[in-house]
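Everything on this sheet refers to the single structure shown next.
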There are 2 protein chains.
Amino acid sequence: MGRWAVATERRRGEALIRAIHEAVLAEVVDAGLGQLTMEGIARRAATAKTVLYRRWATPFELLIDALGEAYPVEVPTPAADNLRTDLIAALTLLTDWMVTPAATAVMAITSERGRYPELAEALWDKVFDPRGGTFTTTVLRWYAARGRLDPARLTPITTQIGEALVFKLAIDNARTPSAEEVAAIVDEALLPALGL
Amino acid sequence: MGRWAVATERRRGEALIRAIHEAVLAEVVDAGLGQLTMEGIARRAATAKTVLYRRWATPFELLIDALGEAYPVEVPTPAADNLRTDLIAALTLLTDWMVTPAATAVMAITSERGRYPELAEALWDKVFDPRGGTFTTTVLRWYAARGRLDPARLTPITTQIGEALVFKLAIDNARTPSAEEVAAIVDEALLPALGL
DNA sequence: CCAATAAGCTACGCATGCGTATCTAATGGG
DNA sequence: CCCATTAGATACGCATGCGTAGCTTATTGG
């Protein structure tokens with residue numbers, strides 16, 4: 001603050017970094033990867049560019065840091081002893097996650113993977129790889145391991161049906177699927193493909 | 001060209017516009033929507049900015065024009081009198097389309113719909129709306145209309161299974177699904193959901 | 001309470017995109 | 001074959017992001 005600064009509380013350390021992490025995610029949501037700039041992030045975080053450059057060399061580096069912090073995502077734990085219910089729960093976990101800024105950023109990186117390969121790679125190395133299966137897969141494996149589901153039905157295709165349809169509906173309708181739509185995905189697509 | 005220009009063939013009218021259309025699509029593929037600039041398009045088309053501004057006010061306007069030109073996409077015509085074969089043909093049409101520059105641009109616009117709503121709207125108004133159903137839907141309706149398929153099975157979910165999985169695999173693997181994967185989508189997900 | 005640390009401000013030269021103006025010269029219709 | 005049309009070149013002032021330098025000043029551990 002300049003010469004005539006009034007008393008302010010100056011953020012430091014953790015609190016400052018948290019604010020910057022929030023800012024970079026918000027910037028990606030609003031402006032997109034292609035418009036992500038140190039200037040923009042600094043402006044939104046209400047801090048100085050110098051503060052950013054002291055810690056991160058590029059906006060992407062900062063973004064990966066923020067995403068690493070925003071993780072991990074909750075993992076579905078089969079609890080209902082009912083496949084249908086647990087699948088719906090897993091996909092609901094997905095739709096809940098999709099509305100977060102971190103998820104928007106992850107999906108942006110994924111859909112621009114060809115454009116920013118280093119970014120996608122860093123995301124996988126630092127964030128995804130450490131974590132195991134995806135949403136429905138966790139549930140499906142659990143039931144298959146207990147003989148409640150034919151393991152032969154768990155293919156690279158069938159394990160993706162739930163997530164694929166959630167994403168497709170989200171794109172087509174510009175909003176995450178409703179509870180009814182999630183249930184329909186399970187009932188009309190997923191369970192039939194599992195032979196149930 | 002400047003003072004020391006050698007003899008060149010100067011493009012005019014149609015040929016020039018075609019070159020510019022190609023250039024804007026290539027720019028979107030390489031640089032992305034967020035980096036789409038008149039400068040970049042002009043550079044790639046090897047023409048002057050003034051030429052662009054004479055016809056289009058913004059890069060997005062130019063892009064929509066180019067997409068309108070790149071369309072229409074081929075429509076699946078059920079021909080095999082075999083549902084499975086025709087579904088595979090329809091999805092293959094989709095995977096073939098997905099590798100074109102126009103498709104990459106369309107998918108970029110779709111996935112950044114929230115960021116550039118006017119662009120998405122223009123795309124739908126000028127390009128998609130005029131056209132009817134999507135890839136598999138066309139086939140499914142054809143068979144349902146002829147009583148070869150239970151119409152009750154054609155829901156907003158089931159009609160999207162094929163496209164949803166093609167997109168999901170494409171995103172996950174950073175390449176369009178192979179012929180085997182397309183067949184697996186039909187056999188393991190689509191046909192079971194249709195009750196077959 | 002003091003000194004080390006780090007946040008915050010300002011300003012810089014450079015690069016790039018903007019949208020426009022002004023010129024030149026290639027092209028093709030009449 | 002001429003001349004209206006228009007592609008193409010160049011340059012402009014403006015804005016914004018870059019990455020760095022230099023400073024002032026709030027904060028806090030000792």
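Below, each value reflects all heavy atoms present in this structure, side chains not excepted, and no hydrogens, waters or symmetry copies. It should be emphasised that the depicted structure is a prediction, and the values quoted were computed from it without experimental measurement. In what follows, every chain begins at residue 1, and chains take the letters A, B, ... in the order their sequences are listed.
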Nearest-nucleotide comparison on DNA chain D, the residue closer to the 5′ end among B:Ala48 and A:Leu36: B:Ala48
Short side-chain to backbone donor-acceptor contact, A:Asp150 and A:Ala152, under 3.5 Å: yes
Test side chain to side chain contact (heavy atoms under 4.5 Å, CB included) applied to B:Arg141 and B:Thr137, step by step: CA-CA 6 Å; B:Arg141 284 207 193 113; B:Thr137 309; 3.5 Å; yes
Aromatic ring proximity B:Phe60/B:Tyr116, centre distance under 6.0 Å: yes
Any donor-acceptor N/O pair under 3.5 Å between D:dC18 base and A:Thr37 side chain: no
Distance below 4.0 Å between A:Thr47 side-chain N/O and C:dG8 OP1 or OP2: yes
Length of the CG-C1' vector between A:Leu52 and C:dC9, whole Å: 14 Å
Distance below 4.0 Å between A:Arg12 side-chain N/O and C:dG8 OP1 or OP2: no
Between C:dT20 (P) and B:Glu39 (CD): distance, integer Å: 13 Å
Atom pair distance, as rounded to whole Å: CD in B:Glu9 and P in D:dA7: 16 Å
Phosphate OP1/OP2 of D:dG8 contacted by B:Arg54 side-chain N/O (<4.0 Å): no
DNA chain D: 5'-proximal contact among B:Val51 and A:Thr58 (nearest heavy atom): B:Val51
Minimum-distance nucleotide to B:Thr50 side chain [options: D:dA21, C:dC18, C:dA21]: C:dA21
Spacing between A:Arg11 atom CZ and D:dT28 atom P, to the nearest angstrom: 13 Å
Atom pair distance, as rounded to whole Å: CZ in A:Arg44 and P in D:dT16: 17 Å
d(CZ, A:Arg10; C1', C:dA4) in whole Å: 14 Å
Of B:Thr104, B:Ile109, B:Thr110, the residue whose pairing with B:Val106 passes side-chain contact (heavy atoms from CB on, under 4.5 Å): B:Thr110
Any B:Arg55 side-chain N or O less than 4.0 Å from OP1/OP2 of D:dA7: yes
Whole-Å gap separating P (D:dG17) and OH (A:Tyr53): 11 Å
Contact under 4.0 Å: A:Arg43 side-chain N or O vs D:dG17 OP1/OP2: yes
Hydrophobic cluster identity match, A:Ile185 and A:Met98, side-chain contacts under 4.5 Å: yes
A:Leu16, nearest nucleotide to its side chain (from D:dA7, C:dT20, C:dG8): C:dG8
Between D:dT20 (P) and A:Lys49 (NZ): distance, integer Å: 10 Å
